[in-house]
Engineer: 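Sending over a structure as structure tokens; questions will come in a sec.
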Amino acid sequence: MDHLPVGRHPLKPLVVLGATGSIGTQTLQVADRLNAKVAAIAAKRGSEKLVGIALRYPNAIVCVTEPGEAADRLTSMLGERVRFGPGALTEVAATPGHTVVNGVVGAAGLRSSLAALYAGNRLALANKESLVAGGVLISKALADGGGELIPVDSEHSAIYQCIIGEPDSSVRRVVLTASGGPFRGWSRKDLEGVTVAQALEHPTWSMGPRITTDSATLMNKAFEVIEAHFLFGTNYDAIDVVVHPQSIVHSFVEFSDGVVKAEVGFPDMMKPIQYAITAPERVESSRPGFSIAGHDLTFEAPDVEVFPCLTLGYEAGRMGGTAPAALNAADEVAVARFLEGRIAFTAIADVVGTVLHEHQAYEPGDVSDVESVDREARARAIEVCTKLEMS
Ligand code: MG
């Protein structure tokens, strides 16, 4: 492949959803380095941080989904280019000829993912809920809209990079690596007294509070199993999880001839973000080189007795239809209650398990089906949390 000098690469303009979050911030750094045009940025609120970003990209459309009282102030500062409400988000995502980086946190990301794919855009996906809650719909949008779906999450980016160029039928098994979170090796009894501060202490990746908590319960890995199923068409029986605390091997793919590929490197989200934007090309990056000598790599089976959320993820995936949407909604509520100090860490799995096992899964016809399951599962999760609240 010819070397592509930075700035000469024919990159599509970027739409960065969730611009003030961790993925969004790093995407903008990658965009600057690649000299990619930033066509639009979006965030939930009109924070100082968003205004700062908007001023750095004076030609970008700025979308604020929940401006609240900041709307007038934002309009006076940014003028005509600021747009408000969730509709603004799907509108910029649906502008053809763009790469949409979806770093929105939460179920609100699904509509913009669908809009991007139906418009035939490249979707660089970091929003978990799109595939967990809306996998069935995303698969349909991908087939009907002619867009491209490239994962940003480190594990899925690794699998994507191992699989690219290989025939689909040659994939025997994918193995997602998991750091194991801060409570690896703990007993169920130990976990009962876990504090919020302990759960937010992730050993290798620095992320937002929901995903950090989900990493501590292994629910994040459960979601990634479901995402892998939709991204790569892999059966749940052919998706494994292995705990790898050093987070250097980002995932493995085993092929039909027994050959195993892996993508490895020190934890660094800039690399999968850049790859999702430039794929299948590689553009030179100034990220630190790979020097593995002196590092011990270890791998162990996950303890599903202590971390039942992983099993719940497989269960929801195999139930299919709307079950993963219910799983996700219940988890979001339970994690929020835990972070507020209202339920115990171990109650997260209890809440999610109760809601999932009560759920009657069906094939969602459109996004409103997913949203109504999301609402119902949330309402039920709140009831279950209230019963489990600590006094
Ligand atoms: Mg991950």
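Side-chain atoms are counted along with the backbone in the values below, which use heavy atoms only and exclude waters and symmetry mates. As the structure is a computational prediction, the values presented were derived from the model and not from experiment. Numbering of ligands and ligand atoms starts at 1, following listing order.
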Engineer: Quick check on the hydrophobic clustering: are V243 and V264 connected, directly or via other members, by side-chain heavy-atom contacts under 4.5 Å?
Structural biologist: no
Engineer: Check E155 and report its N/O/S atom nearest to the Mg ion (ligand 1), by atom name.
Structural biologist: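 So the atom name we want here is OE1.
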Engineer: Between atom CZ of F230 and atom CG of L137, what is the distance when rounded to the nearest 0.5 Å?
Structural biologist: 9.0 Å
Engineer: Considering just N/O/S atoms, say which atom of E224 is closest to the Mg ion (ligand 1).
Structural biologist: OE2
Engineer: Restricting to N, O or S atoms, which atom of D153 is closest to the Mg ion (ligand 1)?
Structural biologist: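 The atom in question is OD1.
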Engineer: With sequence neighbours left out, write down each residue that passes ring pair (Phe, Tyr, Trp, His ring centres under 6.0 Å) with F223, or none if nothing qualifies.
Structural biologist: none
Engineer: Would you call D237 and R318 a salt bridge, taking side-chain N to carboxylate O under 4.0 Å as the test?
Structural biologist: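 Result for this pair is yes, salt bridge flagged.
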